[in-house]
Amino acid sequence: MNPVLAVDGLVVHFPARHGPPVRAVDGVSFTVAERETLGLVGESGCGKSTVSNAIVGLVQPTGGEVRVAGMPVRGADRRTLREIRAKAQIVFQDPATSLNPRMTVGAAIGEPLLVRGLARGRELRERVAALLTEVGLRPEHASRYPHQFSGGQRQRIVIARALALRPALLLCDEPVSALDVSVRAQILNLLVELQQSHAMACLFVSHDLAVVRHVCDRVAVMYLGHLMELAPRDALYTTPRHPYTRALLAAVPEPDPALQRAKPRVPLKGEIPSPAAPPQGCVFHTRCPMAIAHCREEVPAWRHLGETLVACHRAEETPAP
Ligand code: SF4
C-alpha cells in the first residue's frame, strides 16, 4: 500500500546574509501510512516544523523529495499544490493567529468549501454545522467571532476548518502547546477520535514526549536537522536505542515522586550547536555522554536494530532507561 506521506532525503537549507547557510533539515526520510499517526519530536530549533512546512510547500526544499498521496510537492504547479494542500491540512500551535478575527467562525470553517466551489448556501451552512458538532461545539456558534471563545474552543474551530476538505493527512504542529494544561487532554483526545473516525494519517510534531506517547503509533526523534531514531511507540519508550532519545525520556517528569527519584539522570553537555555550523561526524557528538573518537569522524549510518531505525555507532550499548 502506498504511504499517504513519503519524505525521502529531505534537505532544507536557508541562505544566511553572512556566513554559511542554516541547515534546518539535512537528509530526513520517513513515511506515514494510512490511518497511522507518526510523532516527530525534538527540542525547539531541531527542524521539525520546517519538515511540516516543506510537506505543504510553505518552504522550498533544497533537496530530496516529499510526496503527499503520491503527488510530488517539489516542482508542483499551482493546481497540484492546491490539491496537495487540500489533502494535507495543518493545525498550528496558536489558534489565535490561525483565525481571522474579523471573520465569523462559520465563515472561517466554510471558506475552504466555498473557495473550491464544493458547497454554498444552505448546504454550506449544514456542512459547517456538522463540522462544529463534530469538534464538540454547537451549530449556533457559527455566527460568533473567534474572540468570543476560549483558547481550547478556538483550537476546536481550527480543527473543524482543517477537516472541511476531508484531508488524507493532518499535520499537527504543537497543537496543544499554547493551551492551558487543563484543556490539553481534551484536545488531544478529540484529535485521536477524529483521526480514527476520518481514517486520516497524521504527522504530530511536538517537543513533548509525554504528549506524543498519548497519540502516536510510531515516533521519530530529530536533532539538529537529522533523524536520530524512528521506532514503534512502545519500543521507543521502553527500549530507546539512541543516547539522545534516552536523554529526552529522562527529562520527562514523572507524576509519581518515587518513580521520579528512581529515574536515571542523563545529563547532556552544553547547548545545541548552530545549524549553520553543525559538528562533523555524528551531529550529536558534542553533547553525547557516550561519544568516542570514532563519533567525531564518521557519520553513523541509518540502520535497523530490531524494529527500530537508529543512527548511532553505539546503539547496541545504550542502557535501558
Ligand atoms: Fe553518541 Fe557516538 Fe552514538 Fe553519536 S554515534 S549518538 S556521538 S555514541
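Order of listing sets the numbers, starting from 1, for every ligand and every atom in it.
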Item to check | Check: V192 and T37 side chains under 4.5 Å, non-hydrogen atoms | outcome: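 Not in contact.
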Item to check | Set of residues satisfying side chain to side chain donor-acceptor pair (under 3.5 Å) with respect to R154, sequence neighbours excluded | outcome: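 Side chain to side chain donor-acceptor pair (under 3.5 Å) check on R154 returns nothing, list empty.
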Checklist entry - R23: what forms a side chain to side chain donor-acceptor pair (under 3.5 Å) with it, not counting sequence neighbours? => result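 With sequence neighbours excluded, R23 shows a side chain to side chain donor-acceptor pair (under 3.5 Å) to D26, given in chain and number order.
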Item to check | Side-chain hydrophobic cluster, 4.5 Å single linkage: members besides L305 | outcome: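 Taking Ile, Leu, Val, Met, Phe, Trp and Tyr as members, L305 shares its hydrophobic cluster with V310.
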Next on the checklist: Using a 3.5 Å distance criterion without hydrogens, assess whether the side chain of H313 forms a donor-acceptor pair with backbone atoms of E298.
Outcome noted: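 Pair found, side chain donor or acceptor close to backbone of E298.
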Checklist entry - Backbone N or O of G64 within a donor-acceptor pair of the R74 side chain at under 3.5 Å? => result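 Yes.
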Item to check | Of the protein N/O/S atoms, how many lie under 2.8 Å from atom 1 (Fe) of ligand 1 | outcome: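 My tally for this metal is 1.
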